[in-house]
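Index from 1, following the sequence.
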Amino acid sequence: MTRMVVGSIVLTLSAWIGFRVWQIAPALSLEWTGKSLTWITNGLPIATFFVAYLMIRKIARTLARPFGKNSAEEQPRSFGWQLCRILFAVIPTALIGLIVIALIHHGGTMAEIRAFSDKAIGSNDRAPASAIEQLKSSVESMIPADWLKFLDPFAEPSRLTLAKLITAQSDSPLKPVINPQTGQPIPRAIIVDNPELQNLARDGNFSTLLHHPLLTKALADPKVQKLLHDLQL
């Protein structure tokens, strides 16, 4: 029973560590190399999960069985033991389910920014909503907003809106972005006229754009906050 509990904890901790590294990997890539590298943003979380799993599992095994297996472990397992094992398996399964929900929500956010980008450049050859966007809408209707903010903090509404504005500006650099509330062009300085962020948007690297420290810094600007408060994108 103890080993079943420990095994569930090992898988849960490993998955959570990998998930947290996935959330900060784009910022780490920018901090370490000055640019977004796929092998860091995608590879580092996967490698972290496996390394964490192997290390925590080894430590747990040493603590649970310091002298190896005993004769009782070779005996057939009862139905009650198997039932308990299934029940404890629910814990890591639930966590993995939450991580999948976060990935779906994040993927839907990327598709939403891409759709906004297509609209900004006048592309009409795209369906109103892709499958991943529909899944995101379903997730948002089922999961409380506070949970989603915890699972996918970089996709919160104000951050997403600012990313959309930067994307629209980068796609049409000569065409001003219009404030739908006033009908007037939004000053470029308020939209964060930063070449690095615009290059990320232009290259379609929306995940790194959302995670970028410069976007976090821009969100603290009172002018940007007022603009985002007024906009309904």
Which heavy atom in [X] sits nearest to a heavy atom in [Y], and how many Å separate them?
X      : Y      : value
Phe206 : Ala201 : CE2-O, 3.5 Å
Pro45  : Gly18  : CB-O, 3.6 Å
Ala155 : Leu160 : O-CB, 4.4 Å
Tyr53  : Ser14  : CA-OG, 3.0 Å
Ile132 : Gly107 : CG1-C, 3.6 Å

Drop me the distance from [X]'s [atom1] to [Y]'s [atom2], to the nearest 0.5 angstrom.
X      : Y      : atom1 : atom2 : answer
Arg20  : Ile99  : CZ    : CD1   : 11.0 Å
Glu196 : Asn199 : CD    : CG    : 8.0 Å
Leu54  : Ile59  : CG    : CD1   : 11.0 Å
Trp147 : Asp152 : CH2   : CG    : 15.5 Å
His106 : Leu103 : NE2   : CG    : 8.5 Å
Ile56  : Leu11  : CD1   : CG    : 10.0 Å

Test log, rule side chain to side chain donor-acceptor pair (under 3.5 Å), inputs Glu156 and Ser158: CA-CA 6 Å; Glu156 56 92 18; Ser158 61; 2.5 Å; yes
Is it possible for you to say whether [X] and [Y] belong to one hydrophobic cluster, with membership spreading through side-chain heavy-atom contacts below 4.5 Å?
X      : Y     : result
Val51  : Leu28 : no
Val100 : Ile17 : yes
Trp39  : Ile24 : yes

Sequence-distant partners of Phe154, side chain to side chain contact (heavy atoms under 4.5 Å, CB included), two or more places apart: Gln23, Arg159, His211
Derivation and outcome, side chain to side chain contact (heavy atoms under 4.5 Å, CB included), residues Leu219 and Gln225: CA-CA 6 Å; Leu219 287 168; Gln225 291 177 357; 5.9 Å; no
Aromatic plane relationship, Trp16 with Phe150 - under 30° parallel, 30 to 60° tilted, over 60° perpendicular: parallel
Student check: side-chain heavy atoms of Phe49 and Leu44 closer than 4.5 Å: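 A side-chain contact under 4.5 Å is absent here.
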Heavy-atom check, side chain of Leu228 versus side chain of Lys223, under 4.5 Å: no
Chi angles and distances behind the side chain to side chain contact (heavy atoms under 4.5 Å, CB included) call for Leu200, Ile166: CA-CA 10 Å; Leu200 289 173; Ile166 295 173; over 6 Å; no
Between side-chain atoms of residues 136-145 and protein atoms elsewhere (two or more places apart, or another chain), which donor-acceptor pairs fall under 3.5 Å?
from	atom 1	to	atom 2	distance (Å)
Lys136	NZ	Thr109	OG1	3.3
Lys136	NZ	Glu112	OE1	2.7
Ser137	OG	Glu133	O	3.2
Ser138	OG	Gln134	O	3.1
Glu140	OE2	His105	NE2	3.1
Ser141	OG	Ser137	O	3.4
Ser141	OG	Ser138	O	2.6

